[in-house]
Peer 1: 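I have a structure here, written as structure tokens, and I will follow up with some questions on it.
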2 protein chains.
Amino acid sequence: MRIGELATRTGVSVRALRYYEEQNLLASERSPSGQRQYPDSAVDRVQLIQQLYAAGLPSKSIADLLPCVVNGEATPELIHRLSAERDRIDSRIGDLVSARDRLGTVIAAATANWRTGQHCRLQ
Amino acid sequence: MRIGELATRTGVSVRALRYYEEQNLLASERSPSGQRQYPDSAVDRVQLIQQLYAAGLPSKSIADLLPCVVNGEATPELIHRLSAERDRIDSRIGDLVSARDRLGTVIAAATANWRTGQHCRLQ
DNA sequence: CTTGCCTCTGACGTCAGCGTCAGGTTTTAG
DNA sequence: CTAAAACCTGACGCTGACGTCAGAGGCAAG
């Protein structure tokens, strides 16, 4: 398929797809006239890239790790890298959970005091 | 205390503290000569700001929500905002968990196949 | 054949959360 | 009193993941 279709099927902009190629995250064949051609598997690939971006990984890390995730180019060093990224994600999750709980507490207190007295005193 | 001490006590740079003030996240009294003066409570405040930044909230949202979180300025609209942010954090947590699990699967497969055959085939 | 949409390659713009430098004042230590 | 350290206000720089515009070529339909 061409780049426009891949964009609509993944919900990612054309510009972003070209950017992914620039960052060596997503290869493409070229038609004789120079237009990009993608196989169907590119849809999954793009979604994987999105997921890793959403996890906070920068392009460079994704580029390093994709060969392992997709093809299984597993050197001990890459496996170590993967573990490190997973641990970073884990600690980010911890941060988010504590932030969410804090907001939860505030929300509970605020709604309770809203119903009674128009004002709450926290902390 | 002055800005330098607040910086060392919170682990946040002086520049960042001035930026927080610029974004209306952190107020300060001024000495006659114009230097910023902070109460002890500013330490907690800064750590709260950090926590909300870590949760992915932009300055503007934090500025809107801080009055509620700190003083309990609880209007129904603010409470709704808080709930919305909490829900966004929740879905971010979901994204991170699935990304982490995916990396976990890859790591497990890669280490197993590394021990046996030098290569793995995933997906 | 031409109209209209898709695609191409640069290349500059944007936004957030600061870093950093300049040039000047204030506070503190000796 | 003086030198060093801390502070002040601009203001420009930086990074990443794109948005956007310019100018030009490609391609199916009527």
Side-chain angles (χ1 to χ4, degrees), chain A residues 1-39 42-43 45-66 85 88-89 92 95-96 99, chain B residues 1-39 42-43 45-66 85 88-89 92 95-96 99:
Chain A
M1 81 191 78
R2 292 188 301 175
I3 198 171
E5 189 181 343
L6 182 56
T8 59
R9 284 176 64 179
T10 56
V12 170
S13 74
V14 168
R15 177 65 174 94
L17 294 176
R18 289 200 267 252
Y19 177 75
Y20 295 166
E21 182 169 324
E22 199 177 308
Q23 302 297 310
N24 300 311
L25 305 180
L26 180 65
S28 65
E29 299 291 306
R30 295 302 182 107
S31 76
S33 63
Q35 300 201 342
R36 292 173 177 83
Q37 291 292 336
Y38 300 95
V43 175
R45 176 90 173 216
V46 169
Q47 283 163 357
L48 173 57
I49 294 173
Q50 291 274 96
Q51 187 174 26
L52 295 178
Y53 271 130
L57 302 192
S59 299
K60 183 62 165 67
S61 299
I62 299 179
D64 292 348
L65 299 180
L66 269 183
E85 297 293 354
R88 280 197 28 230
I89 294 175
R92 286 266 312 151
D95 293 347
L96 288 181
Chain B
M1 81 191 78
R2 292 189 302 173
I3 198 170
E5 188 181 345
L6 182 56
T8 60
R9 285 176 61 178
T10 57
V12 170
S13 74
V14 168
R15 177 65 175 93
L17 294 176
R18 290 200 268 250
Y19 177 74
Y20 295 167
E21 181 168 326
E22 200 177 307
Q23 302 297 310
N24 300 310
L25 306 180
L26 180 65
S28 66
E29 299 292 305
R30 296 301 183 108
S31 76
S33 63
Q35 299 204 344
R36 292 173 177 83
Q37 291 291 339
Y38 299 94
V43 175
R45 175 93 174 213
V46 170
Q47 282 163 358
L48 173 58
I49 294 172
Q50 292 274 95
Q51 188 173 25
L52 294 178
Y53 270 131
L57 302 192
S59 300
K60 182 63 165 65
S61 299
I62 300 179
D64 293 346
L65 299 180
L66 269 182
E85 296 292 354
R88 279 198 30 231
I89 294 174
R92 286 267 311 150
D95 292 347
L96 289 181

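Every chain is numbered from 1, with letters handed out A, B, ... down the list of sequences. The structure displayed is predicted, hence computed values, not measured ones.
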Peer 1: Tell me which residues in residues 56-64 of chain A lie within less than 4.0 Å of DNA chain C, going by non-hydrogen atoms.
Peer 2: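 The stretch gives none, as no residue of it lies under 4.0 Å from the strand.
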Peer 1: Please evaluate residues Ser59(B) and Tyr20(B) with respect to the criterion side chain to side chain donor-acceptor pair (under 3.5 Å), reporting the C-alpha separation (whole Å), side-chain torsions for both, the decisive distance (0.1 Å), and the verdict.
Peer 2: CA-CA 8 Å; Ser59(B) 300; Tyr20(B) 295 167; over 6 Å; no
Peer 1: For the atom pair CG (Leu48(A)) and CD1 (Ile62(A)), what is the distance rounded to the nearest 0.5 Å?
Peer 2: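 Answer for the CG-CD1 pair, Leu48(A) versus Ile62(A), is 8.0 Å.
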Peer 1: So Gln37(A) and Arg2(A), do their side chains get closer than 4.5 Å, heavy atoms only?
Peer 2: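 Yes - at least one pair of side-chain heavy atoms lies under 4.5 Å apart.
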Peer 1: Within the 4.5 Å heavy-atom criterion, are Arg9(B) and Val46(B) side-chain neighbours or not?
Peer 2: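 No, side chains not in contact.
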Peer 1: Between Arg92(B) (side chain) and Ala54(A) (backbone), is there a donor-acceptor pair under 3.5 Å?
Peer 2: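 Yes: the side chain of Arg92(B) pairs with the backbone of Ala54(A).
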Peer 1: Expressed in angstrom and rounded to an integer, what is the separation of Leu6(B) atom CG from dC7(D) atom P?
Peer 2: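 Distance check: Leu6(B) CG to dC7(D) P gives 10 Å.
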Peer 1: Rounded to whole angstrom units, what separation is found between the CG atom of Leu26(B) and the P atom of dC18(C)?
Peer 2: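 Those two atoms, CG and P, are 13 Å apart.
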Peer 1: I need a per-nucleotide contact map over nucleotides 8-13 of chain C, read 5' to 3'. Cutoff is protein heavy atoms under 4.0 Å; write B for the base, S for backbone only, - otherwise.
Peer 2: SB-B--
Peer 1: Begin from the C-alpha positions of Leu6(A) and Arg36(A) and carry the test side-chain contact (heavy atoms from CB on, under 4.5 Å) through to its verdict.
Peer 2: CA-CA 10 Å; Leu6(A) 182 56; Arg36(A) 292 173 177 83; over 6 Å; no
Peer 1: Nearest whole angstrom, please: distance from the C1' of dG19(C) to the CD of Glu22(B).
Peer 2: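 Value for this atom pair: 14 Å.
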Peer 1: Taking only side-chain nitrogens and oxygens of Ser31(B), does any of them come within less than 4.0 Å of OP1 or OP2 of dT26(C)?
Peer 2: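 For Ser31(B), the contact criterion (side-chain N or O under 4.0 Å from OP1 or OP2 of dT26(C)) is not met.
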Peer 1: Only counting residues at least two apart or in another chain, list the ones meeting salt bridge (charged side-chain N to carboxylate O under 4.0 Å, His left out) with Arg18(A).
Peer 2: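 Partners of Arg18(A) by the salt bridge (charged side-chain N to carboxylate O under 4.0 Å, His left out) criterion come out as none, since no residue qualifies.
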Peer 1: Check whether any side-chain N or O of Tyr19(B) sits under 4.0 Å from OP1 or OP2 of dG19(C), and answer yes or no.
Peer 2: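 Tyr19(B) to dG19(C) OP1/OP2: no side-chain N or O under 4.0 Å.
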Peer 1: To the nearest Å, give me how far apart CG (Leu25(B)) and C1' (dA16(C)) are.
Peer 2: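 Rounded to whole Å, this separation is 12 Å.
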Peer 1: Within the supplied structure, the quantity of interest is the number of heavy atoms (other residues, nucleotides, ligands) at a distance under 6.0 Å from Glu22(A) CD; does it exceed 12?
Peer 2: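 Enclosed.
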